[in-house]
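What follows is one structure encoded as C-alpha cells, with my remarks underneath.
The residues of the chain are indexed from 1 along the displayed sequence. Below, all heavy atoms of this structure are taken into account, side chains as well, without hydrogens, waters or symmetry copies.
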Amino acid sequence: MAVMADTDIQDAMKQAASGAAEILRGLSNADRLLLMCQLSQGEASVAQLEEAVGIHQPTLSQQLGVLRRLKLVETRRTGKQIFYRIGDPRIFALLNTLYDLYCPQAGDNHVD
C-alpha cells in the first residue's frame with residue numbers, strides 16, 4: 001500500500017507542477033503580466049485595459065485571448081462590452097508575491 005501512496009503523491013505532484021508551469025508560461029509575457037497586474041485591481045473592460053496599460057489592438061486582444069485560453073481570466077459580457085477579471089484567488093497570491101519581489105516601493109530607491 002505504501003508504494004501505491006507514493007505513486008499517487010508523485011502523480012499529484014506532476015499534475016500540480018504541470019498546472020503551475022502552465023500559469024507561469026501564461027505570465028511569462030510582459031504584456032500579459034501587465035494586464036494581469038491591472039486586473040488584480042479589479043474587473044475592467046477591454047477599453048479600460050487599453051487605456052490603463054497602453055497596449056493597443058490587436059496585441060491587446062491577442063494577449064487577452066491567451067489569458068482566456070489558459071483560464072487565467074474570466075469574462076462577462078454586457079451588451080457589446082466584454083469585462084475581464086481574475087477568478088482564481090491563487091493568481092492573486094502569485095501576483096502579490098511578484099509585486100512584493102519586483103515592483104518598486106515608495107521610498108525604495110536602492111539596488112540589491
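- Counting all heavy atoms, side chain and backbone alike, G26 lies closest to R32 at O-NE, 2.7 Å.
- If you take CD1 on I55 and CD on Q63, they are separated by 7.0 Å, rounding to the nearest 0.5 Å.
- In this structure, the separation between CE on M13 and CG on D6 is 11.0 Å, given to the nearest 0.5 Å.
- The side-chain heavy atoms of L72 and I23, taken from C-beta on, include a pair separated by under 4.5 Å.
- Distance alone, capped at 3.5 Å, is enough to place a donor-acceptor pair between the S40 side chain and the C37 backbone.
- Both Y84 and L70 are assigned to one and the same hydrophobic cluster, defined by single-linkage of ILVMFWY side chains at heavy-atom distances under 4.5 Å.
- Other residues, nucleotides and ligands place no more than 12 heavy atoms under 6.0 Å from the CD atom of Q15.
- Between atom CG of residue L95 and atom CZ of residue R90 there is a gap of 13.0 Å, rounded to the nearest 0.5 Å.
- Under a hydrophobic-cluster definition in which Ile, Leu, Val, Met, Phe, Trp and Tyr are linked whenever side-chain heavy atoms come within less than 4.5 Å, directly or via other members, I86 and F83 are assigned to different clusters.
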I'd like to know whether V73 forms a side-chain contact (heavy atoms from CB on, under 4.5 Å) with M36, so could you lay out the CA-CA distance, the side-chain angles of the two residues, the decisive distance to 0.1 Å, and finally the verdict.
CA-CA 8 Å; V73 295; M36 293 298 288; 3.6 Å; yes
Decide yes or no on side-chain contact (heavy atoms from CB on, under 4.5 Å) for K71 and D88, but give the supporting numbers first.
CA-CA 9 Å; K71 297 185 181 0; D88 187 339; over 6 Å; no
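- From L98, atom CG reaches atom CG of L94 across 5.0 Å, with rounding to the nearest 0.5 Å.
- Each salt bridge (charged side-chain N to carboxylate O under 4.0 Å, His left out) pair with one or both residues in residues 33-54, not counting sequence neighbours, appears once here: E43-R76, E43-R85.
- For D31, the salt bridge (charged side-chain N to carboxylate O under 4.0 Å, His left out) criterion is met by no residue, not counting sequence neighbours.
- Annotation: the span from Q81 atom CD to T75 atom OG1 amounts to 13.0 Å, rounded to 0.5 Å.
- T97 places a side-chain N or O within donor-acceptor distance of the main-chain N or O of A93, the cut-off being under 3.5 Å.
- Scanning both residues, Q48 and S45, for their nearest heavy atoms gives OE1-N, 2.7 Å.
- Across all non-hydrogen atoms, the minimal contact from F92 to L39 is CE2-O, 4.5 Å.
- Taken to the nearest 0.5 Å, the CG atom of L64 stands 9.0 Å off from the CZ atom of R68.
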